[in-house]
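What follows is a set of notes on a single structure, which appears directly below.
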Amino acid sequence: MIIIGVDTGGTFTDFIYRKNGQWRVYKCLSTPENPAKAVIQGIRHIAENESVEVIHGSTVATNAILERKGAKMAWVTNAGFENIIQIGRQNRTALYDLFYQKPKELISPEHCFFVTGRIDYQGEEIIAFDEASAEEVLEKLKAASVESVAISFLFSYLNAQHENRMAERLSELCVPISVSNEILSEFREYERMSTTVINAYVQPKMVRYLSRLKEFVGENTLRVMQSNGGSISVQSAMHTPARTILSGPAGGAIGALEIGRAAGYSRLITFDMGGTSTDVCLIENDLPISIDASISGFPLKVPMLDIHTVGAGGGSIAKLDAGGALVVGPESAGADPGPICYGKGSEITVTDANLFLGRLIPEHFLGGNMRLHEEKIQQAFESMSAKAKLNPYALAEGILDVANANNGTSHSRDFR
């Protein structure tokens, strides 16, 4: 039996495994169109025909939110409360920013639906569930061709009767349905609704992804990392993917803690820069756990490690905005097409800037297993530098400065 730890990122998929009594590592390009493909390729390379046990951490759900590449979804709630997701709370994350704008919503207002019926704060029914309005919502959802649905009613953590009835009515849609009393059975309607919406937003993508892995590896030999540092069955991960949002970075923090302890250190700062995002964790004697988190500005009320994450990684794309200012991320070139220096990309990334400035050695990238194309980045930097009215080297330095500024201004437990 070979034990394999897998971390799927936006650009690379990493493996660490124990074989013949030795720990080894393997790394390959991710396959964004089908993230499971790279994992399966790596397991085949490592194990061939041997039996395996796989512990899997992934940033598939994280990147789907950061890059707004989740499902086309709908949300159903009580009549009169269908704007809660847009209104949110009055607190502002950037109090003195006169140009502050709320982050782009995960769900459009036209896909927010309501049903008549009401449970009060004591869990008592004060307005009966209206089957007619539920039928009307069902027909609208059929016409909208949504990929998933989030259902979140007031006080459903006390009495889930209305939520469960709505889920029954929508079952004929044959799409994943996230019900708030199953995702987060707690008070604070906005946080509960937001967590349920996040779950529904990433669920179709995670279900497709994990189903392929389960088919290849086997359900009993595949575990998925949770954001709190533990692991759950693949079936649980498909039902509540919101618990895996910090799945990949959590594994890195756990590994750093163990290595630190082995080296005699219990106070650590971890830094994990991937292709799409960068993760930092402060460890004092033990792993820091929080239940007050947000991702891209949206509350996510599930237990998770206290890790700072921002949408700036090696594959983050550099562009000039409408005013000519340089911006980096959150959009990433990923593994395909990837940075220009990987051979197929056309947009400058942080990795390209590092190579242009001589901070990467082309002959030794991935231990010499992957060639970097220095010749392809020269023209791209000259073209953008002309538009930015900078010399190419100043442009490359500027890209790294902006990426560092993004990382330096992240908010605790706020994945941007």
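It should be emphasised that the depicted structure is a prediction, and the values quoted were computed from it without experimental measurement.
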Closest approach of [X] and [Y], non-hydrogen atoms and distance?
X	Y	result
T116	S133	N-OG, 3.3 Å
L210	A237	CD1-CB, 3.7 Å
G398	L326	C-CD2, 3.6 Å
I84	M193	CG2-SD, 3.8 Å
V217	T221	O-OG1, 2.9 Å
A150	M73	CB-CE, 3.8 Å

Residues [X], [Y]: salt bridge by 4.0 Å N-O rule:
X	Y	answer
E135	R169	yes
E67	K104	no
K205	E147	no
E363	R371	no
R223	E53	no

Chi angles and distances behind the side chain to side chain contact (heavy atoms under 4.5 Å, CB included) call for K140, F113:
CA-CA 9 Å; K140 289 180 179 178; F113 300 93; 3.8 Å; yes
Can you check whether [X] reaches [Y] side chain to side chain, under 4.5 Å on heavy atoms?
X	Y	answer
E191	F298	no
I183	T240	yes
L141	V149	yes
T351	Y342	yes
L170	I151	yes
M238	Q235	yes
L106	I65	yes
K301	S294	no

Just how far is it from atom [atom1] of [X] to atom [atom2] of [Y], taken to the nearest 0.5 Å?
X	Y	atom1	atom2	result
W75	S178	CH2	OG	13.5 Å
L154	R192	CG	CZ	7.0 Å
H364	L360	NE2	CG	12.0 Å
I291	S227	CD1	OG	13.5 Å
I198	L300	CD1	CG	4.5 Å
M384	L395	CE	CG	6.0 Å

When you look at [atom1] of [X], are more than 12 heavy atoms from neighbouring residues, nucleotides or ligands closer to it than 6.0 Å?
X	atom1	answer
Q379	CD	no
E168	CD	yes
K27	NZ	yes
R24	CZ	yes
N220	CG	no

Taking N78 for the side chain and F114 for the main chain, is one N or O donor matched with an acceptor at less than 3.5 Å?
no
Is it the case that the side chain of S180 and the backbone of T196 share a donor-acceptor pair, with hydrogens and angles ignored and the cut-off at 3.5 Å?
no
Please work out whether the ring planes of H45 and Y26 are parallel, tilted or perpendicular, with thresholds of 30° and 60°.
parallel
For K376, side-chain contact (heavy atoms from CB on, under 4.5 Å) partners two or more places apart:
I340, H373
Can you tell me which residue among T8, V224, I40, V234 is in a side chain to side chain contact (heavy atoms under 4.5 Å, CB included) with L213?
I40
Which of P32, S30, P35 passes side chain to side chain contact (heavy atoms under 4.5 Å, CB included) with V60? Answer is P35
Verdict with supporting geometry, T195 and V302, side chain to side chain contact (heavy atoms under 4.5 Å, CB included):
CA-CA 8 Å; T195 302; V302 296; 4.0 Å; yes
Strictly by modelled atom types, are [X] and [Y] linked by a side-chain donor-acceptor pair under 3.5 Å?
X	Y	answer
N181	S156	no
E284	S266	no
H239	E182	yes
H111	S108	yes
T349	D352	yes
E331	S316	no

Side chain to side chain contact (heavy atoms under 4.5 Å, CB included) between L29 and T13, intermediate numbers included
CA-CA 6 Å; L29 282 170; T13 297; over 6 Å; no
State yes or no: are the ring centers of F81 and F153 separated by less than 6.0 Å?
no
What do you reckon, are the aromatic ring centroids of Y209 and H56 less than 6.0 Å apart?
yes
Run the ring-ring contact (aromatic ring centres under 6.0 Å, His included) check on Y393 and F356 step by step: do they pass?
CA-CA 8 Å; Y393 290 97; F356 188 81; 4.9 Å; yes
For Q226 and T244, what are the C-alpha separation, side-chain angles and deciding distance, and is it a side chain to side chain contact (heavy atoms under 4.5 Å, CB included)?
CA-CA 5 Å; Q226 288 192 99; T244 72; 5.5 Å; no
Applying salt bridge (charged side-chain N to carboxylate O under 4.0 Å, His left out) to E258 and R261, what does each step give before you reach the verdict?
CA-CA 5 Å; E258 292 303 313; R261 284 174 173 171; 3.6 Å; yes
Working for salt bridge (charged side-chain N to carboxylate O under 4.0 Å, His left out), residues D336 and K344
CA-CA 7 Å; D336 187 12; K344 294 194 295 182; 3.1 Å; yes
Residues in ring pair (Phe, Tyr, Trp, His ring centres under 6.0 Å) contact with Y201, at least two apart in sequence or another chain
none
Evaluation steps, side-chain hydrogen bond (donor to acceptor under 3.5 Å, both in side chains), between D306 and S290
CA-CA 6 Å; D306 188 1; S290 171; 5.6 Å; no
Listed partners of E172 passing side chain to side chain donor-acceptor pair (under 3.5 Å), at least two apart:
K142
